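Scroll down for the structure; my scribbles are underneath it.
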Amino acid sequence: MPYTEEDRSGQEHSPVVLAIINQKGGVGKSTTAVNLSAALGEAGKKVLVVDLDPQGNTTSGYGIEKEDLTSDVYDALLQDRPMDEAIVGTVEENVSIVPATIQLAGAEIELVSRMARESILKNALEDVKGSYDYVFIDCPPSLGLLTLNALTAADGLLIPIQCEYYALEGVTKLMETTSMVQKSLNPALDIFGVLMTMYDKRTTLSNQVVAEVRRFFGDQVFETVIPRSVKLSEAPSYGLPITQYNPTNKGAVAYTALAQEVIDRG
């Protein structure tokens with residue numbers, strides 16, 4: 001469903017806040033967080049990426065030197081520091097990031113004893129999100145308290161699904177968790193879009209998986225599919241989104257097309 005300005009509480013500059021989520025690892029969450037945000041930035045949109053994964057792959061994918069940071073998402077969530085102190089710029093001028101470092105690894109345990117523990121991220125974002133058109137939250141591959149914080153803060157879910165056997169494995173559990181959050185914490189939460197990743201048009205398997213996912217999710221699945229690409233895999237090691245590392249690559253073309261679909265949806 002499209003997200004209108006009125007749907008987002010009528011604020012003129014209320015952004016679309018999306019949790020990029022799948023509890024399976026290796027499906028392209030961080031790749032999507034980096035490259036979709038960069039493609040939207042190149043389209044003139046202001047984007048904030050919140051790296052909520054202790055592995056910090058999105059942070060690294062944007063070339064952020066973690067040892068040089070004076071503040072990160074852990075400080076905003078658990079040290080009561082303002083979120084804007086943790087925001088840093090990236091190589092894409094319209095994209096900023098709240099980076100993650102290894103400090104975040106202990107956050108699940110520390111959050112347990114906090115009051116309103118599921119809403120800490122939502123509250124921390126309130127003072128900064130109005131400066132952006134989109135806020136992406138890159139979730140860890142689990143359904144713990146960090147992910148619950150993302151679901152509570154988000155308007156919608158962007159779910160990357162890899163074109164492989166058992167692609168829908170675990171999605172039922174994600175839907176159950178989403179339903180729980182809708183009932184108790186965030187009634188407006190919905191699926192914004194489902195993204196097929198690591199697609200190889202030459203294989204019967206990839207085409208079968210896409211067909212299966214489209215049957216399951218219907219028009220919630222983006223028309224754009226993200227192909228397998230060596231350059232797409234290489235780009236993070238250079239700290240660049242694919243749109244800068246190799247702008248003519250099929251991965252760059254796909255993420256640019258996806259960005260337009262995201263804009264069209266809201």
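Remember, it's a predicted structure, so these values are computed and weren't measured experimentally.
Within 6.0 Å of the CG atom in D219, the count of heavy atoms belonging to other residues, nucleotides or ligands does not exceed 12.
Among the candidates V135, V50, D75, the single residue satisfying the side chain to side chain contact (heavy atoms under 4.5 Å, CB included) test with V98 is V50.
Separating the CD atom in E92 from the OG1 atom in T243 is a distance of 6.5 Å, to the nearest 0.5 Å. With rounding to the nearest 0.5 Å, the separation of OG1 in T59 from CD1 in I97 is 4.0 Å. One finds the NZ atom of K66 at 7.5 Å from the CD1 atom of I102 (value rounded to the nearest 0.5 Å). Distance check, rounded to the nearest 0.5 Å: CG of L18 to OG1 of T32 gives 12.0 Å. To the nearest 0.5 Å, atom CE of residue M83 and atom CG of residue N123 are 10.0 Å apart. Note that CG of L157 and CG of L189 are 4.5 Å apart. Values are rounded to the nearest 0.5 Å.
Here the closest non-hydrogen pair linking S119 and T152 is OG-CG2, 3.8 Å. Residue V253 comes nearest to T248 through the heavy atom pair CG2-O, 4.1 Å, listed as atom of the first residue, atom of the second, then distance. Shown here for D72 and A86, the closest heavy-atom pair between the two residues is O-CB, 3.6 Å. Taking every heavy atom of both residues into account, V17 and A153 meet most closely at CG1-O, 3.5 Å. When every heavy atom of A167 is checked against every heavy atom of Q162, the shortest pair comes out as CB-O, 3.4 Å. Nearest approach of C163 to V210, heavy atoms of both residues: SG-CG2, 3.9 Å.
No side-chain heavy atom of S30 sits less than 4.5 Å from a side-chain heavy atom of D51. Side-chain contact between M196 and V27: absent, with no pair of heavy atoms (C-beta onward) separated by less than 4.5 Å. Residues L174 and I159 meet the side-chain proximity criterion, which asks for heavy atoms closer than 4.5 Å. Counting heavy atoms from C-beta outward, K45 and Y134 have side chains that approach closer than 4.5 Å. Looking at L146 and L104, their side chains come closer than 4.5 Å, going by heavy atoms from C-beta outward. Contact of the T147 side chain with the C139 side chain is registered, since non-hydrogen atoms from C-beta on lie closer than 4.5 Å. Looking at F136 and V47, their side chains come closer than 4.5 Å, going by heavy atoms from C-beta outward. Looking at heavy atoms from C-beta onward, S96 lies in side-chain contact with Y132 at the 4.5 angstrom threshold.
Linking ILVMFWY side-chain heavy atoms closer than 4.5 Å, directly or via other members, places L205 and M198 in two distinct hydrophobic clusters. In the hydrophobic clustering of ILVMFWY residues, with side-chain heavy atoms under 4.5 Å counting as a link, I21 and L48 come out together. In the hydrophobic cluster analysis, where Ile, Leu, Val, Met, Phe, Trp and Tyr join through side-chain heavy atoms closer than 4.5 angstrom, V230 is grouped apart from V225.
Residues N94 and E42 have side chains that never bring a donor and an acceptor to within less than 3.5 angstrom of each other. Side chain to side chain, S37 and Y62 meet the donor-acceptor criterion of an N or O pair below 3.5 Å. Donor-acceptor pairing under 3.5 Å is lacking for the side chains of S142 and Q23. Side-chain polar atoms of S229 and N249 form a donor-acceptor pair below 3.5 angstrom.
A donor-acceptor pair under 3.5 Å is formed between the side chain of T90 and the backbone N or O of V95. In this structure, the side chain of R228 does not engage the main chain of D200 through any donor-acceptor pair within 3.5 Å. Without hydrogens or angle criteria, E108 side chain to L145 main chain gives a donor-acceptor distance under 3.5 Å. A distance-only check finds no donor-acceptor pair linking the side chain of Q220 to the backbone of F192 [under 3.5 Å]. A donor-acceptor pair under 3.5 Å is absent between the side-chain atoms of N35 and the main chain of Y255, judged by distance alone. The closest donor-acceptor contact from the side chain of D127 to the backbone of D84 lies at 3.5 Å or more, if one exists at all. Side chain of N149 to backbone of I120: a donor-acceptor contact under 3.5 angstrom is found. Checking side-chain atoms of D80 against main-chain N and O of A76 turns up no donor-acceptor pair under 3.5 Å.
R114 meets the side chain to side chain donor-acceptor pair (under 3.5 Å) test with no other residue; sequence neighbours excluded. Residues that satisfy the side chain to side chain donor-acceptor pair (under 3.5 Å) test with E65, not counting sequence neighbours, are absent from this structure.
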Exercise for review: Starting from the C-alpha separation in whole Å, work towards a yes-or-no answer on side-chain contact (heavy atoms from CB on, under 4.5 Å) for Y74 and E110.
Suggested key: CA-CA 10 Å; Y74 173 87; E110 294 180 60; 2.8 Å; yes
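Applying the side-chain hydrogen bond (donor to acceptor under 3.5 Å, both in side chains) test to every pair with at least one member in residues 164-187, sequence neighbours left out, gives these pairs: K24-E164.
F222 carries R265 over the face of its six-membered ring, with the cationic atom under 6.0 Å from the centre and within 45° of the normal.
In this structure, E212 does not pair ionically with R215, as no charged nitrogen and carboxylate oxygen lie closer than 4.0 Å.
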